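Each remark here refers to the structure printed beneath this line.
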Amino acid sequence: MVYETNVKDNLTNATSETLKAALEQLKENTEMTITTSEYKKRISETTSVVLVGVGGQGILLASEIIAQAAQESGFDVKTNEIHGMAQRGGSVIAQIRFGEKVYSPLIPKGTATVLASLERIEGLRYRNYLSPNGLAVISDQVIIPVTASSGQTPYPEIDQQILEQFFPRLIYLHAVEKATELGNAKAANSILLGALSTQLDFSLDVWELAIKKCVKPKFIDLNIEAFLFGRNCK
């Protein structure tokens with residue numbers, strides 16, 4: 001389809017760290033010289049998760065919960081968040097990396113175990129972070145940016161079938177709809193967490209402990225219920 005080709009072309013301009021830049025950052029952080037093969041070995045021993053969305057969707061809280069779960073499981077953890085104009089509905093990306101020893105929070109392209117997005121187009125914007133066999137977890141929510149709502153640029157019409165062409169392994173969620181049914185639309189981020197949780201080596205008890213440590217007490221039960229719903233999504 002011509003339309004599908006245009007979608008791909010329009011989404012190739014998203015900026016990210018190159019493998020060379022990540023290697024240079026790693027060298028700087030560890031104050032040592034390493035070979036490319038050694039670097040690739042460290043990448044393979046590290047689990048990387050990318051969370052994306054727009055400001056106000058709870059991406060940073062979800063990142064905090066994953067990092068807490070990794071720490072509770074005994075892993076070394078590094079995180080990195082780019083807020084941009086998050087409070088104005090701008091793009092938000094959080095990177096979480098954990099393993100026996102992690103030297104940099106930056107995730108090279110094509111290495112993420114999971115890419116999870118609370119907004120359709122944001123998932124496509126950052127798709128180049130996902131490894132070839134990685135899992136994409138994407139909510140069906142659409143948030144029209146100002147540039148599109150004002151008529152400056154079109155907002156691509158993306159549905160599940162188009163997403164499946166980009167992501168061979170895809171969990172497509174109606175996260176906001178279900179969270180609203182549970183009592184609060186903002187619990188959509190916990191549904192997203194539940195869906196991606198089966199790809200990470202943490203026990204259910206650890207996940208629940210992490211939620212309890214990161215979420216305000218009055219919202220703990222709601223978020224655990226949302227998490228468990230997401231965990232059962234396939």
Side-chain angles (χ1 to χ4, degrees), residues 11 13-16 49-69 79-96 105 107 112 114-127 129-130 136-160 163 171-197 207 210-231 233:
L11 290 166
N13 295 324
T15 59
S16 61
V49 179
V50 176
L51 304 179
V52 299
V54 301
Q57 288 190 298
I59 289 297
L60 301 185
L61 175 59
S63 171
E64 182 182 350
I65 292 172
I66 294 175
Q68 184 66 48
T79 63
N80 180 60
E81 298 92 22
I82 299 177
H83 303 239
M85 298 177 66
Q87 293 183 339
R88 301 182 184 180
S91 182
V92 179
I93 175 172
Q95 302 179 51
I96 310 99
I107 298 175
V114 179
L115 168 67
S117 177
L118 279 168
E119 205 276 346
R120 288 187 212 174
I121 292 298
E122 293 303 312
L124 283 176
R125 186 196 304 275
Y126 295 103
R127 73 190 187 282
Y129 278 96
L130 190 64
V137 181
I138 298 181
S139 173
D140 69 339
Q141 186 174 14
V142 171
I143 299 178
I144 307 295
V146 174
T147 53
S149 61
S150 63
Q152 298 178 42
T153 57
Y155 184 91
E157 293 293 333
I158 301 296
D159 59 18
Q160 182 175 353
L163 289 172
I171 296 178
Y172 189 68
L173 301 170
H174 303 289
V176 174
E177 178 183 342
K178 182 59 182 180
T180 301
E181 292 176 5
L182 293 176
N184 192 325
K186 291 185 176 181
N189 59 348
S190 289
I191 292 178
L192 195 79
L193 278 179
L196 69 83
S197 68
W207 278 111
I211 292 172
K212 290 176 181 178
K213 286 191 173 184
C214 297
V215 174
K216 293 180 180 180
K218 65 179 181 179
F219 296 121
I220 288 175
D221 289 344
L222 168 66
N223 280 276
I224 289 178
E225 184 178 4
F227 174 87
L228 293 175
F229 172 83
R231 192 173 173 87
C233 292

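Model, not experiment: these values are computed from the prediction.
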Could you walk me through whether I65 and N189 satisfy the side chain to side chain contact (heavy atoms under 4.5 Å, CB included) test, starting with their C-alpha distance in whole Å, then the side-chain angles of each, then the deciding distance to 0.1 Å, before giving a yes or no?
CA-CA 10 Å; I65 292 172; N189 59 348; 6.0 Å; no

With V92, which of L118, L60, V54, L51 fulfils side-chain contact (heavy atoms from CB on, under 4.5 Å)?
L60

Quick check for you: to the nearest 0.5 Å, what is the distance between L222 atom CG and S190 atom OG?
7.5 Å

When every non-hydrogen atom of L196 is compared with those of A116, the smallest separation belongs to CD2-CB, 3.7 Å

Could you give the distance from CG (L192) to OG (S197), rounded to the nearest 0.5 Å?
10.0 Å

Here the gap from L228 atom CG to I191 atom CD1, rounded to the nearest 0.5 Å, amounts to 11.0 Å

Is it the case that more than 12 heavy atoms not belonging to N184 sit under 6.0 Å from its CG atom?
yes

Got a donor-acceptor contact below 3.5 angstrom from the S63 side chain to the I59 backbone?
no

Do the rings of Y126 and Y129 sit parallel, tilted or perpendicular, given the 30° and 60° boundaries?
tilted

For a 4.5 angstrom cut-off between non-hydrogen side-chain atoms, does S91 reach V52?
no

Mark yes or no for whether R125, through its side chain, and E122, through its backbone, hold a donor-acceptor pair below 3.5 Å.
no

Distance in Å, D221 CG paired with K212 NZ, rounded so as to fall on 0.5 Å steps:
8.5 Å

So do the side chains of I66 and W207 get within less than 4.5 Å of each other, counting heavy atoms only?
yes

Would you say K186 has more than 12 foreign heavy atoms packed within less than 6.0 Å of its NZ?
no

Heavy-atom distance under 4.5 Å between the side chains of I158 and L163, does that happen here?
yes

